Number of protein chains: 2
Amino acid sequence: MIQMLGVNMSPTIDEVAERSGFSTATVSRALRGLPNVAPSTRDHILRAAEQLNYSIDPHASRLATGRTMTVGILVPLVDQWFYNKVSTIAEAVLSAHGYDVLRYSITGSESRAQLLRQIATSKRLDGLIIVTTPLDRDDERLLSDANLSVVTVETVTAAFPSVACDNLTAAMTATRHLVNLGHERIAIISGLADDPMRFPIPRDRKKGYLRVLQENDIEFRPEFDVPGNFSYEGGAEAMTQLLSVRQSPTAVFAFSDEMAIGALKTIRDLGLRIPQDISVIGFDDHDVSKYVGLTTIHQPVAQYGDIAASILLSVLAGETGDGGFNRELPARLVIRSTTGAAPA
Amino acid sequence: MIQMLGVNMSPTIDEVAERSGFSTATVSRALRGLPNVAPSTRDHILRAAEQLNYSIDPHASRLATGRTMTVGILVPLVDQWFYNKVSTIAEAVLSAHGYDVLRYSITGSESRAQLLRQIATSKRLDGLIIVTTPLDRDDERLLSDANLSVVTVETVTAAFPSVACDNLTAAMTATRHLVNLGHERIAIISGLADDPMRFPIPRDRKKGYLRVLQENDIEFRPEFDVPGNFSYEGGAEAMTQLLSVRQSPTAVFAFSDEMAIGALKTIRDLGLRIPQDISVIGFDDHDVSKYVGLTTIHQPVAQYGDIAASILLSVLAGETGDGGFNRELPARLVIRSTTGAAPA
DNA sequence: TTGTAGGCGTTATCAT
DNA sequence: ATGATAACGCCTACAA
């Protein structure tokens with residue numbers, strides 16, 4: 001066989017073994033910090049590895065151990081701020097602990113079901129963080145059967161630990177804030193126009209909104225609920241629609257800050273003043289919200305990622321004390337300058 | 001040895017071979033679409049694999065082929081919009097082509113040099129996209145020796161293909177826009193306060209700024225250059241500093257939209273009007289900029305990711321026609337409502 | 001404490 | 001067109 005003349009061949013464990021004068025078994029143990037290796041032996045081996053610039057081939061290692069040391073993060077749409085934030089933080093935590101992390105976005109042509117199936121059978125993951133995506137029994141079984149440790153964010157199941165906030169209560173807080181300012185014509189810019197998966201989050205938020213209306217004997221007007229698809233643009237368009245109805249709203253509760261910011265633009269473009277003519281409240285507390293003065297519901301997005309990652313790490317570490325099942329974090333109202341008293 | 005009772009053991013190629021009645025060799029060929037497999041044979045095998053829900057173990061495959069089918073994306077700071085956008089798009093393109101993608105952020109405690117070294121020796125990557133990070137000769141050699149295909153974004157080297165825009169020209173355009181509006185006291189909110197790596201981008205932009213000042217016989221005032229660290233907050237703080245000097249600027253050119261938006265807040269908080277009292281122009285054309293009405297320099301951020309990924313893919317595919325070396329994309333001025341005529 | 005050797009699931013070479 | 005079989009680089013009983 002033709003030798004590649006040693007070009008670029010990175011060293012293997014055998015070379016470290018040879019150079020250090022120990023067997024590959026001992027080298028393997030030494031390098032991974034396992035017990036039952038004499039200190040002096042370990043020193044020698046570490047030095048040899050260092051000199052050779054050796055590093056364990058993760059794929060070979062995986063094959064031998066059965067652990068992939070990689071985890072996935074599944075989000076509906078990476079380029080929404082919320083998902084991006086959660087996944088980025090989780091990614092940081094996990095990779096700091098030696099895991100490779102792969103992000104999966106449902107946007108990819110294939111449907112969520114296909115994607116889940118593919119992920120489950122791909123043999124490349126030890127664990128998976130699922131953000132916001134509702135799971136049915138079949139999904140749960142699929143994942144369990146694949147032997148995947150999973151943690152969910154902003155969606156709760158009986159099967160897996162989760163982190164979330166109480167969207168219903170948070171939405172009530174938001175709506176109440178508007179009611180307290182004297183508003184009665186309160187609209188919402190809700191979720192997806194087309195929502196086959198029936199995301200629970202916008203539904204919960206709408207429930208909270210409705211409940212507060214009811215508490216205050218305000219009748220719900222269907223034309224005051226228009227979807228904004230969780231994007232700037234969608235929010236802007238939703239707002240034009242809301243402003244076109246007679247007796248248009250004096251206040252708007254958008255289910256994400258991006259939509260709220262889109263709405264702000266529409267309002268200003270029409271020459272209306274905020275908050276004198278119309279109030280706007282968002283949801284999330286996007287990084288930029290502080291800078292555009294948006295009143296919003298702050299939810300601990302970074303913590304979602306952080307905590308989800310931590311839970312996953314402990315599950316992967318085999319810690320049975322799953323004292324983190326279904327953790328619920330608090331959301332809170334942050335009043336800035338886009339909400340004010342209802343016009344007389 | 002104790003059998004695990006077959007619990008959750010996903011099928012191997014041997015089982016597919018057995019079930020289909022062919023050898024593993026043929027199964028392997030059939031599954032990967034290689035030639036020299038009878039159509040009927042392939043059908044049988046595909047069907048068998050389907051029924052078993054079989055899928056190739058990527059790690060075993062990697063070990064055998066030497067190709068990892070994973071690429072990395074290295075950015076200085078994932079949570080800046082620019083880096084995030086570039087990496088997200090590139091990630092989408094690459095994973096659509098069957099690659100796993102791993103993101104590396106230099107933020108991680110270890111320095112860039114360590115990170116590069118670690119990436120190079122980790123044996124887990126076929127290729128790497130390096131965003132914005134300057135590379136010296138040693139870095140280049142390190143990467144080449146590791147047999148990594150690399151493509152750079154917004155940084156050019158002699159060694160690797162790249163995508164970028166002409167920052168100097170773009171900065172001239174921005175500055176000229178302000179000059180044309182009659183401004184003479186023009187400040188910049190530049191890059192990092194502490195910049196050991198000497199990022200070339202802010203330097204190029206500053207060069208463009210200086211050149212236009214000079215063209216117009218405007219003297220550069222050092223107190224008109226304050227770093228904003230490419231963050232909202234940094235921009236806001238830089239702005240307070242700029243407004244504290246006597247004869248404060250009537251226009252500000254921020255080297256990123258995030259900093260510009262931070263600056264806007266400071267200005268408004270102080271009761272000054274935009275653009276009547278002070279004009280602000282940014283750089284990037286952040287997703288939100290359209291909605292806050294920020295005048296800015298648009299650069300094709302998504303295309304950076306897209307093109308970088310495509311180039312990398314063709315390099316990995318062994319296409320020698322590297323007709324994509326050092327591609328330069330156009331940036332352009334987008335005038336919105338934060339810039340206007342200089343106050344009388 | 002250390003070493004021997006078989007196995008992890010694929011791929012690729014070389015026959016047939 | 002197929003099939004045996006030796007790698008690929010590491011890990012881990014088991015033995016010493």
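Side-chain atoms are counted along with the backbone in the values below, which use heavy atoms only and exclude waters and symmetry mates. Throughout, a chain's letter reflects where its sequence line sits, starting with A, and its residues are numbered from 1. This one's a predicted model, so the numbers in the text were calculated from it and none came from an experiment.
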Identify all side-chain donor-acceptor contacts of residues 22-31 of chain A below 3.5 Å with residues at least two apart in sequence or on another chain.
from	atom 1	to	atom 2	distance (Å)
S23(A)	OG	A25(A)	N	3.4
S23(A)	OG	T26(A)	N	3.3
S23(A)	OG	T26(A)	OG1	3.3
T26(A)	OG1	R29(A)	NH2	3.4
S28(A)	OG	R32(A)	NE	3.4
S28(A)	OG	R32(A)	NH2	3.2

Side-chain polar contacts of residues 71-87 of chain B - donor-acceptor pairs under 3.5 angstrom, sequence neighbours left out - could you list them?
from	atom 1	to	atom 2	distance (Å)
W81(B)	NE1	D287(B)	OD2	3.3
Y83(B)	OH	T132(B)	OG1	3.3
N84(B)	OD1	N84(A)	ND2	3.1
N84(B)	ND2	N84(A)	OD1	3.1
K85(B)	NZ	D287(B)	OD2	3.1
S87(B)	OG	Y83(B)	O	2.9
S87(B)	OG	N84(B)	O	3.1
S87(B)	OG	R103(B)	NH1	2.9

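Regarding I45(A), its CD1 atom lies at a distance of 11 Å from the C1' atom of dT1(C), rounded to whole Å. To the nearest angstrom, C1' of dG3(C) lies 14 Å from CG of N36(A). With rounding to whole Å, R124(B) atom CZ is found 14 Å from dG9(D) atom C1'. Regarding M69(A), its CE atom lies at a distance of 15 Å from the C1' atom of dC10(D), rounded to whole Å.
Sorted by first and then second residue, the ring pair (Phe, Tyr, Trp, His ring centres under 6.0 Å) pairs involving residues 36-80 of chain B (not counting sequence neighbours) are H59(A)-H59(B). Here salt bridge (charged side-chain N to carboxylate O under 4.0 Å, His left out) pairs that include residues 115-135 of chain A, with residues two or more places apart or in two chains, are R124(A)-D100(B).
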Inset, instruction - Go along nucleotides 7-16 of chain C 5' to 3' and tag each nucleotide: B for a protein heavy atom under 4.0 Å from its base, S when only backbone or sugar atoms are that close, - otherwise. - result: BBBBSB----
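Applying the salt bridge (Lys or Arg N to Asp or Glu O under 4.0 Å) test to E18(B) and every residue at least two apart in sequence or in another chain returns nothing.
Side-chain contact annotation: N53(B) with T121(A), donor-acceptor N/O pair under 3.5 Å absent.
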